[in-house]
Amino acid sequence: MDGPDRDVSPRPSGTAVLSAAGPDGVSAWVALQVEPVAGRVSGEGSDAQRRAEAALADAGWLAGQWDPAGGARLELRYLHQPGEGVRCVLLGRVVAPTSGAATAAALRLRDRLGMLPPHVRAAPVEAPDAVQRLLNPFPAHPSGVVEVRKQVRLGVPSRPDAGVAYYLAVPRFAAGAANWGPLWQAVADLPQPFMLSVGLEPFAPAAPFVGLLAELAAKYGRLATPGRTVQGQLSGRSYELAADPFAVYAARLFDDAWRHYQSGVFRTRITLASPAPLPPALVEQVAATICAPRDDREVTHVLVAPEPDELSTAWRNVTTLEHARWDRRYLGRLPIPVPPGLRLLAETVDAREAASGWRLPPAPPAGGRRVFVSVTTHVAGDYITNTGDHATIVNRSTVPGPTDAAGQAPALRILLVCANPRGSEPLRTAEEDRTLRQSIRMSAERDRIAIETLNAATVDDLRRALLRDPFDIVHFSGHGTHQGLVFEDDAGHRFTPSSDALAELFARRKIRVAVLNACYSLSLGRISAIGTEFTIAADGPLSDPAAIEFTRGFYDALGAGLDVPDAFDEGKGTAALKGLTFDAILLRRGEEHVGPRV
């Protein structure tokens with residue numbers, strides 16, 4: 001079919017940005033072409049270990065792209081033309097009130113996308129017409145569009161106290177590091193054009209969505225444990241009820257979703273397309289590679305093709321980086337309507353899940369076949385020249401940390417570490433994340449401050465993040481005890497690492513400021529004694545609302561250019577203005593305060 005008419009008409013803007021005016025403002029698109037760095041491999045040891053390290057780097061990079069306030073759309077696209085190999089492209093879209101604002105925001109997004117992991121590098125596409133061709137590379141065939149989506153599982157209750165006729169559950173993607181080598185070879189040998197496109201829309205989950213996940217986790221948790229019927233008035237007897245097998249399965253899924261989807265998540269769209277009918281074997285190979293079965297061997301994906309009258313919507317999503325829904329074959333098979341919250345859950349992934357499909361190209365093995373098209377003709381140090389557009393860009397993967405539009409490193413890098421393990425009192429960590437980002441976004445220094453969030457954080461997540469990038473501030477949002485901060489283990493349960501070991505980790509990584517928004521966090525007072533310039537910690541209980549209001553004032557002040565002691569005072573004052581007490585102290589380098597032990 002021919003490409004459908006768009007609601008807006010993209011046009012060259014005179015810069016590297018393609019723009020179009022629409023009812024919601026001006027949309028702007030940018031693109032970068034990506035290639036692997038020859039001879040650069042991630043990790044040591046086996047191929048599986050190197051793939052795992054590369055997947056971890058990709059997930060960390062994706063987590064840094066999460067900025068729901070900017071309204072950006074991101075897309076990783078693999079394009080194949082017979083005889084050319086495989087071309088990797090990064091695309092981005094923003095919407096702003098005016099053309100100038102859209103162009104500026106799109107170029108900032110392009111710079112951010114170019115801050116890639118070290119195993120790849122990118123060159124910007126400078127011609128708007130070339131951006132347009134990458135967005136709409138060919139007319140899609142009526143049998144040439146398929147999406148890979150999460151399964152929506154249906155179950156029938158075995159318990160009379162279920163209260164519903166059917167159960168629904170949505171498994172997470174495996175978030176693994178499958179070997180993509182055979183898939184790249186198969187795509188490179190295709191006799192027809194082909195596209196694999198993975199779109200992401202960062203969003204901040206609303207409180208009703210997170211509440212729904214918690215409610216369903218509790219509901220299925222009740223049905224997943226043995227119970228008893230209510231004693232009958234006539235018989236005077238009650239009966240034992242066995243655990244419902246599907247509820248056991250669903251309780252784990254919803255509990256995982258509640259823990260992982262409170263912040264730092266994306267709506268996803270995985271699209272396969274061609275101007276000819278898609279080969280079924282290739283479609284299955286793509287889906288099986290992206291959504292490799294988990295350790296329990298469960299298949300978590302389903303392949304969905306649009307109905308004829310849905311094809312224009314499906315293709316417009318691809319050519320404009322949208323996420324409009326088309327659901328007839330996806331949900332029409334179910335005997336009951338899918339509530340909006342569960343429909344959103346079926347589209348939601350965190351950075352680790354997203355990295356299962358958002359796989360940046362690996363360097364070819366020594367002596368192996370080169371699959372990916374080179375987008376450069378000259379590499380001198382850190383500079384790459386784009387062959388088609390004569391554009392030059394710094395390979396920022398070799399620069400420690402991201403840079404702003406002027407090529408300067410951020411003045412401040414913040415790592416927000418959120419942990420709320422199973423069985424612990426629910427905390428508003430997502431609200432603290434949103435509050436922190438809002439404060440920075442509204443500040444005068446917003447373009448010089450970078451934020452990364454770790455959700456459902458384990459100590460290994462923290463350690464690897466500090467290995468991957470330098471940070472000035474580590475901000476912990478979660479629970480604490482007299483023994484230390486409470487992280488999660490790999491199963492989502494509580495784990496409290498040694499406070500001394502954490503202090504030494506912060507010292508090794510030269511963390512300047514530790515903000516420990518957790519009860520009894522002065523048990524980590526040695527952090528300041530060992531190396532941090534400032535440590536903010538509590539000597540007793542710390543309320544959730546007070547922690548959030550302190551965060552608001554503290555980062556408002558840092559964003560305004562104040563130093564840490566003045567920002568600390570601003571944070572405490574902000575909580576006091578709301579009638580809250582932030583009962584914490586500020587330790588300076590060399591000071592040590594050990595909280596009460598039990």
Side-chain angles (χ1 to χ4, degrees), residues 31-42 47-48 50-51 54-55 57-58 75-91 116-117 119-123 125 130 133-141 143-148 176-199 269-292 301 303 318 355-377 379 384 386-388:
L32 300 101
Q33 298 193 71
V34 181
E35 68 175 346
V37 177
R40 175 75 66 84
V41 295
S42 298
D47 288 342
R50 286 193 291 270
R51 287 197 304 271
D58 291 351
E75 197 129 340
L76 178 66
R77 188 162 291 184
Y78 286 101
L79 294 164
H80 165 71
Q81 290 288 342
E84 286 190 6
V86 181
R87 186 178 299 274
C88 180
V89 179
L90 280 173
L91 295 161
L116 289 161
H119 58 280
V120 289
R121 59 192 174 203
V125 177
R133 289 192 296 273
L134 294 171
L135 284 167
N136 195 352
F138 46 68
H141 190 276
S143 299
V145 177
V146 170
E147 288 193 0
V148 183
N179 182 7
W180 283 54
L183 174 60
W184 299 137
Q185 299 288 343
V187 171
D189 291 336
L190 271 180
Q192 66 191 61
F194 173 78
M195 176 177 64
L196 167 60
S197 197
V198 182
R269 170 177 48 75
I270 303 172
T271 307
L272 290 70
S274 177
L278 285 165
L282 178 66
V283 172
E284 292 289 349
Q285 186 177 7
V286 170
T289 302
I290 292 176
C291 307
H301 70 274
L303 297 167
V318 171
S356 292
W358 189 290
R359 189 60 55 84
L360 295 167
R369 173 187 174 189
R370 187 179 184 91
V371 171
F372 295 99
V373 175
S374 175
V375 299
T376 64
T377 56
V379 179
I384 300 173
N386 182 307
T387 56

When the ring planes of Phe372 and Trp184 are compared, do they come out parallel, tilted or perpendicular, using 30° and 60° as the limits? perpendicular

One should read off an interatomic distance between Thr289 OG1 and Leu196 CG, to the nearest 0.5 angstrom, of 9.5 Å

Working to the nearest 0.5 Å, report the span between CD1 of Ile270 and CG of Leu76. 11.0 Å

Leu190 and Pro279, any side-chain heavy atoms less than 4.5 Å apart: yes

Nearest heavy atoms of Ala273 and Phe138, plus distance in Å: O-CZ, 3.6 Å

At their closest point, which heavy atom of Val371 faces which heavy atom of Gln185, and how far apart are they? CG2-NE2, 3.6 Å

Side-chain contact, heavy-atom cut-off 4.5 Å: Pro82 with Pro191? no

Where do Thr271 and Val146 land on the side chain to side chain contact (heavy atoms under 4.5 Å, CB included) test, with the steps shown first? CA-CA 6 Å; Thr271 307; Val146 170; over 6 Å; no

How far does CG of Leu134 sit from CG of Leu91, to the nearest 0.5 angstrom? 6.0 Å

Report the residue from Met195, Gln33, Arg133 that forms a side chain to side chain contact (heavy atoms under 4.5 Å, CB included) with Leu79. Met195

Contact summary for Ala122 and Leu116, nearest pair of heavy atoms: CB-CD1, 3.5 Å

Quick check: closest heavy atoms across Gly357 and Val198, and the distance to 0.1 Å? O-CG2, 3.5 Å

Do any N or O atoms from the side chain of Gln192 and from the backbone of Pro277 form a donor-acceptor pair under 3.5 angstrom? yes

Give the minimum heavy-atom separation between Val148 and His301, together with the two atoms involved. CG1-CB, 3.9 Å

Under a 3.5 Å distance rule, please check whether His80 uses its side chain to pair with a backbone N or O of Gly85 as donor and acceptor. yes

Are Leu90 and Trp358 close enough, and set up right, to give a side chain to side chain contact (heavy atoms under 4.5 Å, CB included), and what steps lead you there? CA-CA 10 Å; Leu90 280 173; Trp358 189 290; 3.4 Å; yes

Any non-hydrogen side-chain atom of Val145 less than 4.5 Å from a side-chain atom of Leu278? no

Rounding to 0.5 Å, atoms CG (Leu272) and CZ (Phe194) come to a distance of 4.0 Å

Within the 4.5 Å heavy-atom criterion, are Glu284 and Leu303 side-chain neighbours or not? yes

Heavy-atom nearest pair, Arg77 first then Val318, reads NH2-O, 2.9 Å

CG/Leu360 to CZ/Arg121 distance, rounded to the nearest 0.5 angstrom? 14.0 Å

